[in-house]
Amino acid sequence: MNLLLLENNDFVGDDIVQIAGRRYEHIVNILKLSVGSELKTGVVNGPTGVSTIVDVGQKEIRLQVTLDDRSEPALPVTVLLALPRPKMLKRILQNCANLGLAKLYLINSYRVEKSYWQSPWLDEDAIRQQLLLGLEQAGTTTLPSVILRKRFKPFVEDELETIAADTERLVAQPGANTPAPIALNKPATLAIGPEGGFIPYEVDKLSERGFTPVSLGRRILKVETAITAILSRLYT
Ligand code: SAH
């Protein structure tokens with residue numbers, strides 16, 4: 001936890017918050033902080049600053065908060081990610097928030113198993129919890145929006161044009177002739193396939209919408225590594 005991330009309902013006074021549960025345990029038992037200690041602090045989708053511990057109880061802690069700084073803004077990126085299997089999903093969501101994505105569409109693809117869509121980890125609150133962990137790690141407050149789209153074809157045909165308007169459109173595809181751009185530093189929409197890869201029909205559909213297949217080198221990367229690799233090439 002590199003930032004104590006606050007929700008509006010943590011406030012019990014204008015500048016006083018009361019924290020229990022996981023964040024309490026972390027501050028008291030892992031960071032071993034006590035009265036007078038300071039912590040970098042931020043409000044979800046809001047400013048950042050510092051808080052000072054004013055009271056440590058058996059189950060909760062109170063801090064006085066000063067919020068006088070802006071959070072690092074999100075990267076101007078929308079990722080279209082074929083829904084990963086549940087075991088990977090949690091980590092990938094954390095990773096996406098950690099890297100600073102603005103928006104993530106979890107989309108269907110031929111090689112996404114139908115059962116993945118039933119995962120309890122897709123509940124709104126479960127997604128939010130993973131994103132918060134990624135932001136705490138990053139030290140930022142801007143929560144990525146996560147949107148689920150269970151049907152590939154209508155998504156690409158009816159929605160994608162608007163989503164990708166005025167952005168660089170790229171699909172990460174092993175073996176593509178074009179290497180992923182370096183230091184693009186402008187808004188992008190990036191499609192990343194499932195573990196089994198996009199099928200040719202899907203790559204064609206994306207190409208019809210102006211997406212260029214790009215490579216990240218000759219090694220086939222895990223999905224979460226591919227996201228990290230492409231973002232670190234595009235944004236410096
Ligand atoms: N089995 C698939 C690989 C899937 S890897 C195949 O052989 O094609 C999962 C996703 O990560 C891919 O769909 C792609 O979007 C991305 N990816 C992984 N390694 C990549 C690379 N070297 N270049 C571009 N994209 C890559």
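Ligands are counted one by one from 1 in listed order, and the atoms in each one are counted from 1 as well.
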>> Strictly under 4.0 angstrom, heavy-atom based: which residues surround ligand 1?
In response: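 Ligand 1 pocket, heavy atoms under 4.0 Å: A172, Q173, P174, I192, G193, P194, E195, G196, G197, V214, S215, L216, G217, R219, I220, L221, V223, A226.
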
> With F155, which residues qualify under ring-ring contact (aromatic ring centres under 6.0 Å, His included), at least two apart?
Replying inline: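 Y105.
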
>> Can you tell me which residue among L135, L131, N45 is in a side chain to side chain contact (heavy atoms under 4.5 Å, CB included) with T142?
In response: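 Of all the options given, the one that passes is N45.
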
> Any side-chain donor paired with an acceptor under 3.5 Å for T189 and T167?
Replying inline: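 Yes, side-chain donor-acceptor contact under 3.5 Å.
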
>> If only side-chain N and O atoms count, and only distance matters, is there a donor-acceptor pair under 3.5 Å linking T236 with N185?
In response: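 Checked: N185/T236 side chains pair up, N/O donor to acceptor below 3.5 Å.
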
>> Does anything in residues 49-58 form a side chain to side chain donor-acceptor pair (under 3.5 Å)? List the pairs, not counting sequence neighbours.
In response: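 Sorted result for residues 49-58: T41-S51.
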
>> I need the full list of side chain to side chain donor-acceptor pair (under 3.5 Å) pairs touching residues 15-28, with sequence neighbours left out, sorted by first then second residue.
In response: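 Pairs touching residues 15-28 that pass the test: D10-R23, D15-Q64, Q18-R62, R22-E136, E25-N29.
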
